[in-house]
Amino acid sequence: MNRKTQLAIVAVALSVLAGSAFAGTTGTEFQNLYTWINNVVTGYFGRAVSVAAVGIGAILSIARVNPIPILAGVGFAIFLQYTPTIITGILTATI
């Protein structure tokens with residue numbers, strides 16, 4: 001039996017033995033921490049940080065005559081807005 005055949009057999013055996021995945025649906029130990037961080041990031045603090053990132057990027061763009069800092073600020077603001085929703089969607093998905 002060659003190496004590829006052995007790996008294929010192991011992969012099939014593991015996929016048969018694997019149960020359903022329930023990522024992020026068990027335990028409530030960190031639920032309060034998650035809720036607090038999520039509220040901070042998606043609330044007024046997150047908005048203030050986003051506006052500050054765009055503002056600082058604008059100032060640096062004017063000072064350096066380079067559009068990259070403001071684009072980084074806008075990218076950061078978009079990232080901060082949508083990332084909690086994406087992470088929640090990924091971690092609460094069930095198979």
Side-chain angles (χ1 to χ4, degrees):
M1 219 185 244
N2 63 10
R3 180 87 171 152
K4 288 184 181 181
T5 307
Q6 290 174 345
L7 288 175
I9 291 172
V10 169
V12 170
L14 289 176
S15 65
V16 169
L17 295 174
S20 297
F22 296 105
T25 59
T26 61
T28 57
E29 298 86 13
F30 297 106
Q31 186 173 7
N32 291 334
L33 177 65
Y34 167 77
T35 303
W36 179 76
I37 292 174
N38 193 27
N39 288 340
V40 167
V41 171
T42 59
Y44 287 110
F45 179 77
R47 292 178 188 180
V49 170
S50 296
V51 170
V54 172
I56 291 170
I59 292 169
L60 291 175
S61 289
I62 292 170
R64 295 182 180 178
V65 190
N66 186 354
I68 299 301
I70 193 167
L71 294 175
V74 170
F76 179 77
I78 292 170
F79 177 79
L80 194 62
Q81 175 66 36
Y82 291 111
T83 302
T85 305
I86 293 169
I87 290 173
T88 303
I90 291 171
L91 293 179
T92 58
T94 56
I95 297 173

Asker: Residues sharing Ile56's hydrophobic cluster, by side-chain heavy-atom contacts under 4.5 Å among ILVMFWY, directly or via others?
Answerer: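 Besides Ile56, the cluster holds Leu60.
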
Asker: Could you grab the distance from atom OH of Tyr44 to atom OG of Ser50, nearest 0.5 Å is fine?
Answerer: 13.5 Å

Asker: Flag yes if Leu7 and Val12 sit in one hydrophobic cluster, no otherwise; membership is Ile, Leu, Val, Met, Phe, Trp, Tyr, and two members link when side-chain heavy atoms are under 4.5 Å apart.
Answerer: no

Asker: Quick check for you: to the nearest 0.5 Å, what is the distance between Tyr34 atom OH and Asn39 atom CG?
Answerer: 9.0 Å

Asker: Nearest 0.5 Å please: distance from the CG atom of Leu33 over to the CG atom of Asn38.
Answerer: 11.0 Å

Asker: Is there a path from Val51 to Leu80 through hydrophobic residues (I, L, V, M, F, W, Y) whose side chains come within less than 4.5 Å of each other?
Answerer: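 Shared cluster, no.
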
Asker: Can you tell me how far CD1 of Ile90 sits from OG1 of Thr85, rounded to the nearest 0.5 angstrom?
Answerer: 11.0 Å

Asker: Is there a side chain to side chain contact (heavy atoms under 4.5 Å, CB included) between Val10 and Gln6? Walk through the geometry before answering.
Answerer: CA-CA 6 Å; Val10 169; Gln6 290 174 345; 5.5 Å; no

Asker: To the closest 0.5 Å, what do you measure between CZ (Arg47) and OG1 (Thr42)?
Answerer: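 Reported to 0.5 Å precision, the distance equals 8.5 Å.
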
Asker: Could you report the tightest heavy-atom contact between Ile70 and Val54, atom names first, then the distance?
Answerer: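 Result for this residue pair: CG1-O, 4.2 Å.
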
Asker: Return the minimal non-hydrogen interatomic distance between Ala53 and Phe76, and the atom names on each side.
Answerer: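 Answer, listing the atom of Ala53 first, then Phe76: CB-CD2, 3.6 Å.
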
Asker: Do Phe45 and Val49 have side chains that approach each other closer than 4.5 Å (heavy atoms only, starting at C-beta)?
Answerer: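 Of all side-chain heavy-atom pairs linking Val49 with Phe45, at least one is under 4.5 Å.
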
